[in-house]
Enquirer: 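Have a look at this one.
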Amino acid sequence: MAEPILSAQGVSKVFGAVQVLFGIDFELRPGEVHAVVGENGAGKSTFMKILAGYLPATGGTVRVNGREVPSEGPGAREALGIVLIHQEFNLAEDLTVEENVFLGRELRRGPFVDRSAMRARCRAVLDELNCHVNPASRVRDLSVSDKQMVEIAKAISRDVRVLVMDEPTAVLTGAETAVLFRLIRKLKAQGVAVVYISHKLDEVKEISDRVTVLRDGRLIATQPVGELTQDAIAQLMVGRAITDLYPVKAPPPPDAPVLLEVRGLSVLGWVRDASFALRRGEILGFSGLVGAGRTELMEGLLGLRRSTGTVLRNGRPVPIRSLEDATAAGIGYLTEDRKGKGLLLRQGMRQNLTLLALPRFGGVLIDEAKERAALDRAVVDFDIRARDMDVPVGALSGGNQQKLLLAKTMQIEPEILIADEPTRGIDVGTKRQIYHFLHDFARQGKAVILISSEMPEVIGLAHRVVVMRSGVVTGTLEGAAIEEAEIVRYATGLKGMPSHDAVVNA
Amino acid sequence: MTQSSTPESSQPGVGRRALPSFDLKLYGPFLALAALVVLGTLANPVFLSPGNIANVLTRTAFTGIIAIGATFVITAGAIDLSVGSLAALAAGVSIMTMNALSPELGTGVAVVVAGVLVAVLLSVAAGTFNGLLVTKGRIEAFIVTLGTMGIFRSLVTYLADGGTLSLASPIRTTYRPVYYGGLFGISYPIIAFAAVALVGALILYRTRFGRYCAAIGSNEEVARYSSIRVDRIKTLAFALQGLCVGIAVMIYVPRLGSASATTGLLWELEAIAAVIIGGTMLKGGYGRIWGTVVGAVMLALIDNILNLTGAVSVYLNGAIQGTIIIVAVLLQRSGAARR
Amino acid sequence: MTQSSTPESSQPGVGRRALPSFDLKLYGPFLALAALVVLGTLANPVFLSPGNIANVLTRTAFTGIIAIGATFVITAGAIDLSVGSLAALAAGVSIMTMNALSPELGTGVAVVVAGVLVAVLLSVAAGTFNGLLVTKGRIEAFIVTLGTMGIFRSLVTYLADGGTLSLASPIRTTYRPVYYGGLFGISYPIIAFAAVALVGALILYRTRFGRYCAAIGSNEEVARYSSIRVDRIKTLAFALQGLCVGIAVMIYVPRLGSASATTGLLWELEAIAAVIIGGTMLKGGYGRIWGTVVGAVMLALIDNILNLTGAVSVYLNGAIQGTIIIVAVLLQRSGAARR
Amino acid sequence: AQQKVRMGVSIPAATHGWAGGLNWHAQQAEKQLEKQYPNLDIRIATAKDAAGQANDLEDLVSVHNIDALVILPFESAPLTDPVREVKNKGKFVTVVDRGLTDPSIQNVYVAGNNPQMGKVSAQYMKQKLNNKGNIVVLRGIPTVIDNQRVDAFMEEIKGTDIKVLGMQYANWNRDDGFKVMQDFLARFPKIDAVWAQDDDIALGVIEAVKQAGREKELFIIGGAGMKDMIKRVMDRDVLVPADVLYPPGMIADAMQITAKHLIEKTPVQKEYVIEATLVTPENASKYYYPDSPF
Ligand SMILES: Nc1ncnc2c1ncn2[C@@H]1O[C@H](COP(=O)(O)OP(=O)(O)OP(=O)(O)O)[C@@H](O)[C@H]1O
Ligand SMILES: Nc1ncnc2c1ncn2[C@@H]1O[C@H](COP(=O)(O)OP(=O)(O)OP(=O)(O)O)[C@@H](O)[C@H]1O
Ligand SMILES: [Mg+2]
Ligand SMILES: [Mg+2]
C-alpha cells in the first residue's frame, strides 16, 4: 500500500466556545479518490479547510508525505500541491475569470503579467472542462454553475497533488458532473489524490475508492466504497436507516382548480412564450439542461426580471411587477443562488429568517420576541443545526444555510412555493425531510413548482414535469411518461419543438 | 474549549447562545470616550465642571444630530457629502423666511415656527433629491452629493450676497432660548440630540426600515430578492438624513442668528468621522447609533481639551487632534481585533 | 422585450451574451469629456485655442497625478484623505531643504534635485506610514488618513510659523522651467502627467501588484486565500499614492515657489472625485486609470469653462460646477445602466 | 469705433465674512464702472486657493485677453510669480491689500495695512486697560496676514502688564469664535479683554460671553468694519467699545483707480494706503453702511 500523501492525526477544532471536530484521524493515498460524507454541519468543510491550511487546527497534527507541517496560511500548503475547492465560492467577483484562475500565481513576462499566455491557458483549462465562459467575463456576471466550473478550473490549473473538492457538484448538472468525473479519473491516473465531499451518494459510489464518514464532528468509519451500499453509507451518516426517501405521490384530482397560470411569458434574451398551469395540490417539476432558462422564467414571472406575458392567479390576471407583488399574491420564491441572492452572510440567523416577511413581525416596531419564536420554530421545523444561535450566517455549514433559506421563504406562508434547486448541498437525511415537507405542503391544498437539476428528485416528486430547452417549453410530461429518458429527449431537442424556434441554441 | 466538551446541539432546535463575551467592537467607542475624559480631566480640572460639559454637549448637538442621519445613509451603503452645505442653505432660507414673514406674523412664536418648518421641509426635500438622483439616476452617492454640496453652498452664498444673513433682532429674542434655554438644567440642544439619538436607535434597530438599510448595505441583491424596495429605502435614508439636517438647523439658527457661506463648513467630514469612529462600517451593512453619538462627542471633546490646555503651539493643534483620533480608534479597535 | 427577438449566438459554446455592445462603463467618461469640450467651445471659441488647452492640461497635472495614486488606493478598497495636506507638507519641507542647502550646494540644479528627492522621499514615507497604520493597526483608512490629514497640515503650519515658506529667488530661477518649460511645445507637467498615467496604467493592468489591488478591493478574504500578502500590497498602494504626491509636489513647487497652511486644501476631494467620475468603484475592486485621467481633466475643464463664460454671478460658480458634474456623470452612467 | 478695454479682477471666493464683503464690493464696482465707462469690460474671477487663483490669472490673460489686472492675492509669495507672468505679457497690474514679495511687479499698490491693524488694536487696548490686565486672543487662519496682525499686536503690548492668557485660531468664523470663547471662559476665571481681530469672530465671542453672563467683566475688539459691529459701537455697546477698520471696500477703490487710469489716462500714484482706522462711538456713523451685506 502506498505511503499516505496527506494524513491527519487527532485533529480537533474549536470555534469560540463550541467544538466542531473531535480527534479526527484521516489518511489519503496518492491516486485514490477518497469521499468524505456526513450530515450537514458534521464538520466536513471545517476539516477540509484544516487539511488545506485555511484554518489552524485546535489540536492534532497534519502531515504531508509523512512530515508534520505547521499551518502557515494556504499559500504554504498550496506550494506542496494541496488545493482546495471551497464549498462557498472563493472568487473575487469584480475580477475576470482569467484573473481569478491565476490569482496569486500569475504568469509573467518580465515585470508584466503575460495576459495572452494566461488567457490561452485559461481557455485551455476551461475547454478541458467543456465550460464555455469567456475568460474575460467578470465573475459577477456568471451563473452559479459557471462560477463552480471556474473554481474547478482554478484548482486544476495549479500543480496539484492533492485536490480537495467540497461539494463541487452541488450546483452542477448531470453533463457538467460527467465532465468533472472524467477529469477526476484523469487526475487519478496521474497519481493525484482526490478528496471528494458530496451529499449525492450515487456519485460517491461511482467515483470514490474509499469513504470516510463524519457525524457530529467525530470520525465514524473509513471503509472501501465497494463494501458499502448507498443505504449503508446513509445509515452510517445519519445513524439510522433512511427509508422511503420520496413520499408516495398524491397527484391532485384532475378537476383541482388552477392556482396559477402563465400565458406567453417572455424574458428578453432568455425565455420565449412560455405557458403552463399549476393546480391546487400539485408539484410541478421543471426540467432542462443548464441554461434552459428555468430560473429566468421564474424570475420573470416574479417580477425580478423584466418580462412580458400574462400571469393569472386563481383565474384572475394579476400584475406582478416586483417580488412584493408576488409575495402579496401568495407566491414564495427560493432562489438557487444562496450566497449571492439568498442570505446576508454577515448578519445573524434571526435577521435573515425574517427579512422577507418582516411586515409580519410587528407593526411600527419589530417584535423581536416573535422573531425569536419564529427562529426557534424554524430551527426545529427545518432541522437547522447551528451550534451557536448568534453566529453570523456565513459561519453556518452550507447545508444549514440552505435550510435557513428555505425557512426564510416559508415565513411568508405562501400558497405557491417556487423552489429553485431546494436541496442544493443538503444531506440525505434532511433531503428526505424536505421532500416530505414539499409533499405535505402540496397536500395541504397548496402547490409547488420544483426546479431541479437532479433528475431523480423531479421524477420522485413531481406530478407533472415541464421540460424546457433554450428558453422554450418543449413539452409537459405526466404520469408514467415522467422518466429519465423521456425528459432527456425533450431537454436535448430530440423531441418537442424544433430547435430553430429556440431563443438561443444551447 | 477542550476535548472533553461534548456536542450539545445534536438535538435540533435547542441551539446554544454564545457566552455574552465582552464585545470590544460594541464597547470600544465607549472605552475610548472614557479615556478621553480622563485625559481631559488631567489636562485641566475645569474640564469636568458641569458648565464645560454642558457647553461641549450642547455644541456637539448639530454635528451629532447630522451624524445620526449619516449613520443611516452609510449603513445603507451610501454617503452624503452635502450635509454641511445643506445646513447652511437651510439656515439661510429659514432666516430669510422669518425676516420676510415678520411683518405679517409678528416676531413671536408663530414666525419662528414658520422658519423651523421651512428649514425642515427644505432639508427633507433636498435629502430626497439626493436620494432620487442616487437611485433613479444610478449615480454614485459620492458624486451626487459632491455636486449638491457645491450647489447648496453656492445658493446660500448667492442668497446672502456673499455676506451674512442675519435674523432680525426681535425674532432672535423669541428664538434664542431654543439654543440657550433648557429644561431641568439640560439645554434644549442636548435634549434634542438625545431624542434624535433615541429615535434613531429605535428606527435603526427596531424597525423594518432600519433592518432594510442594513440589508441593502450588506448586499443589495439579497435585499432585492427579499422583496425590499431598494430604491425607496435608499431614498428614504437620504430623506432621513435631510430631516436630521433640518433639526440640526433648527437649533443652530438661534445660537448666532445668522448664516453665511461658512456655516456648516466641513460638517460632512465631521459627521462621517463621528459615524466611522463609532464603529459603523464605511462599506455599509452595519450601523451603530450609540457609537455615532460617542464618536461625535469624542470629536467635540478633543477640540475642547485642546482649548482648555495651552498646547505647545497653536500651530500643532491639528496634529494633536489627528493623533488623538488615531490613537483612540487604535485602542478601541486593537482590542477588538485581538479576539 | 418582444417576441420578434432572434437568436443571436447560434454558435454553441459561446454562451449567451449581450452583443459586444458599446461598453458605456468603459467609454462613458470619454463621452462626457467630449460633451464638455463641445460645451466649452460653445461658451467661448477661445476654449479650443492651443494656449488654453495647454494651460488647462498643465494645471490638471497636480491633482491628476495625485488622482492616479488614489486610483490604486481606492481600487484596493481603501481611501486616502491626507494627500492634500501631504502635498503641502512635502512642498514645505522641500522648500526649506533647498533654502537650507543652497549655501553648500549653490542655487543650481544640484539643490533642486536635493529638494525633489526630499519631497519624494518624505511623501513615500508618509504614504507608507498611512499604509502601515491601516494594515498593522487595523484601523479604517478613512480614520487613519483623516488623522494624518490633520497632522501633516498642522506640521506645515508649524514649519511655516503660520505663514508661508518661500523658495529663495535664485533657486526659483533654476527650478522655474520645470513648470513653465517643456519639450516640443508640451509643458513638462503635461509630460509628467502623461508619463505617470502611462506607468500607472501599466502597473494597474499589467502587473501582479495591480491585479492584487483589485483582488483585495473586491474581496480581501479571497485575496488572502490566494496567498496574496494583503497587508503588504495595501501598504504599497499607500506608498505609491505617496510617490504620486511627491511627483505632483515636484512640479507644484516651481509654479508658486511657496507652501503654506492652505496649500493643497481639498485636493483630496478633487482627487477622489476624479477617480470616481472616471468610473473606478468607491467600494474597491475595479479601477480605471484612463478614466481617472479623464475625470481630472473634466474637473479642470469645468473650472476653465466657468472662467470663459461670465457666469450669472460669481456666487453661483459652485452651483454650476456641481450641476455639470452631476449631469456629466448622469449622462455617462445612465447609458451604462440601460443594459 | 471704441476699442473695448478689458479689466480682470481676481479675488478669493466668498469663503468667510470679510471675503464675502470683498466679493460684494467687487461686484458693485463692476456694475457701477461698466455703466460709467461703456467701453469697459470687467471680468471677476474668484478662487478657492492660491493655485486656483494662479489658474484664474492664466485664464484671464489667455482667454479674456485682459488689458489690466486687479488682484487681491490669496497669499503674497505664491502669487508673485503668476502675477509676474501677467505683467510680462504687458498688462497693467494693480495689487490690493497683500503686497507681492517683489513690489517691482505692480503698477499700483492699494495697500491694506495689516500690521497697522494689529497695532491700532493694541494701542486701544493698552489705553483702555491702563497697560494692565488679562486678555485672550482669537486668531484667523494660519496665514501671513494673520501673522502680521498678531505680531504687530504683540509687539505693541510688549513691556506692559497686559498678559495674553490664551491664543487660538478661530478661522475668521463665527461658530469657531463662539466655541473657542466658550472654552476660554471656562478655562480662565478672569478675562479683562478679548482681541478677536475680526468682526465675524467677534460676533461669536459676544454670544459666548453673553451666555456665560460675563458681559460686565470684559470688552471685545474685533476688526474689519462689519455693519453689525459698527452699529454696536455707534450704539455705545459697552461690550464692543470700538472696532478697527479693514474695509473690504478697498477692492472697489482699486478697481476705480485702475479703470480711471485705463480709460481717462489719469496718472496714478504708486501706492494708496488704506488706513486701519479706529472706529469709536464718535466717528462710527461715518463708517456705517446699512445696505452692505457685510
Ligand atoms: N467560522 C465559524 N464560526 C463558528 N462556527 C463555525 C464556523 N465555521 C463553521 N462553524 C460550525 O462548524 C460546524 C461544522 O460546519 P461545516 O461547515 O464543517 O459542516 P459541513 O460538514 O461542511 O456541513 P455541510 O454539509 O452543510 O456543508 C457547524 O456547526 C458550523 O456552524
Ligand atoms: N451573463 C451571462 N453570460 C453568458 N452566459 C450566461 C450568463 N448568465 C448565464 N449564462 C449561461 O446560462 C446558464 C444558466 O442559465 P439558467 O440559470 O437559465 O439555467 P436554468 O435552466 O435555470 O438551469 P439551472 O438552474 O439548473 O442552472 C449558464 O450555464 C450560463 O452558461
Ligand atoms: Mg460544508
Ligand atoms: Mg437556474
Side-chain angles (χ1 to χ4, degrees), chain C residues 44-47 49-56 58-60 62-63 84 87 91 95 153-154 156-158 160-167 169 172 176 179-180 252-267 300 303-311 313-315 317-318, chain D residues 8-15 20 22-24 26-27 30 41-65 73-82 84-85 98 101-102 139-148 150-151 167 169 293:
Chain C
N44 191 336
V46 179
F47 176 77
S49 69
N52 187 52
I53 297 289
N55 276 347
V56 174
T58 305
R59 66 173 83 133
T60 311
F62 316 134
T63 45
I95 289 170
R153 193 159 294 289
S154 190
V156 69
T157 314
Y158 179 74
D161 245 346
T164 307
L165 290 161
S166 296
L167 190 56
S169 200
R172 269 203 82 184
R176 216 166 166 278
Y179 184 84
Y180 292 95
Y252 175 81
V253 170
R255 184 178 194 199
L256 303 182
S258 71
S260 74
T262 50
T263 301
L265 216 55
L266 294 186
W267 280 6
D303 268 347
N304 180 243
I305 292 175
L306 283 174
N307 279 341
L308 292 181
T309 57
S313 153
V314 284
Y315 302 136
N317 273 356
Chain D
V9 179
S10 172
I11 51 176
T15 49
L22 188 75
N23 273 263
W24 187 79
Q27 290 182 75
E30 178 189 13
D41 183 16
I42 296 178
R43 186 61 61 109
I44 301 176
T46 60
K48 287 201 266 303
D49 58 10
Q53 195 167 24
N55 294 345
D56 286 349
L57 295 189
E58 284 178 359
D59 287 346
L60 287 173
V61 171
S62 72
V63 179
H64 292 297
N65 198 17
F74 232 96
E75 281 173 62
S76 309
L79 282 152
T80 299
D81 253 20
R84 193 197 313 274
E85 289 282 304
R98 298 152 206 189
T101 44
D102 178 0
R139 313 183 56 158
I141 57 173
T143 177
V144 178
I145 306 156
D146 182 72
N147 279 1
Q148 287 176 346
V150 173
D151 290 349
M167 199 189 267
Y169 284 112

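Below, chain A is the first sequence line, B the second, and so on; all start at residue 1. Any value given below was found using the heavy atoms of this structure, including those in side chains, with hydrogens, waters and symmetry copies removed.
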Enquirer: How long is the span from the CZ atom in C/Arg172 to the OG1 atom in D/Thr80, to the nearest 0.5 Å?
Expert: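 If we round to the nearest 0.5 Å, C/Arg172:CZ and D/Thr80:OG1 are 7.5 Å apart.
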Enquirer: If you take all heavy atoms of D/Ala54 and C/Leu256, which pair is closest and at what distance?
Expert: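 Answer, listing the atom of D/Ala54 first, then C/Leu256: CB-CD2, 3.9 Å.
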Enquirer: Can you name the side-chain contact (heavy atoms from CB on, under 4.5 Å) partners of D/Tyr169, sequence neighbours left out?
Expert: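 Scan of D/Tyr169 (side-chain contact (heavy atoms from CB on, under 4.5 Å), adjacent residues dropped) gives B/Val314, B/Tyr315, D/Arg139, D/Pro142, D/Asp146, D/Asn171.
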Enquirer: Checking C/Tyr180 against chain D: side chain, backbone, both or neither under 4.5 Å from a heavy atom?
Expert: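 Just its side chain gets close to chain D.
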Enquirer: Between C/Asn52 and D/Val63, is a side chain to side chain contact (heavy atoms under 4.5 Å, CB included) present by the stated rule, with each step listed?
Expert: CA-CA 7 Å; C/Asn52 187 52; D/Val63 179; 3.3 Å; yes
Enquirer: So which heavy atom on C/Thr164 is nearest to which on D/Pro78, and how close?
Expert: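 Between these two residues, the closest heavy atoms are CG2-CD, 4.1 Å.
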Enquirer: Going by side-chain contact (heavy atoms from CB on, under 4.5 Å), name the residues that satisfy it together with D/Ala26, two or more places apart in sequence or in a different chain.
Expert: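 Only D/Ile11, D/Ile44, D/Ile251, D/Met255 meet the side-chain contact (heavy atoms from CB on, under 4.5 Å) criterion with D/Ala26.
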Enquirer: Check each atom of D/Asn23 against the heavy atoms of chain C and say whether the ones under 4.5 Å are side chain, backbone, both or neither.
Expert: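 Both parts, heavy atoms under 4.5 Å.
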Enquirer: In terms of side-chain geometry, is the basic nitrogen of D/Glu85 or C/Arg176 positioned less than 4.0 Å from the acidic oxygen of its partner?
Expert: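 Yes, charged N to carboxylate O under 4.0 Å.
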Enquirer: What part of C/Tyr158 gets closer than 4.5 Å to chain D, counting heavy atoms only: side chain, backbone, both or neither?
Expert: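 No part of it gets close to chain D.
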Enquirer: With a 4.5 angstrom heavy-atom cut-off, could you sort out which part of C/Thr157 is near chain D: side chain, backbone, both or neither?
Expert: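 For C/Thr157, the side chain is the part near chain D, not the backbone.
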Enquirer: Determine whether the side chains of D/Glu75 and C/Ser258 contain a donor N or O and an acceptor N or O closer than 3.5 Å.
Expert: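 Result is no, nothing qualifies.
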Enquirer: Heavy-atom pairs under 4.5 Å with chain C are the metric here; pick the option from D/Ser76, D/Ala50, D/Ala45, D/Ala51 that has the most.
Expert: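 Going by pairs under 4.5 Å, I would pick D/Ala51.
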Enquirer: Sort C/Asn304 into side chain, backbone, both or neither according to what part of it lies under 4.5 angstrom from a heavy atom of chain D.
Expert: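 Contact with chain D involves both backbone and side-chain atoms of C/Asn304.
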Enquirer: CZ/C/Arg255 to CG/D/Asn55 distance, rounded to the nearest 0.5 angstrom?
Expert: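 Output value for this atom pair is 4.5 Å.
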Enquirer: Could you report the tightest heavy-atom contact between D/Ser62 and C/Asn55, atom names first, then the distance?
Expert: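 Of all heavy-atom pairs spanning D/Ser62 and C/Asn55, the closest is OG-ND2, 3.4 Å.
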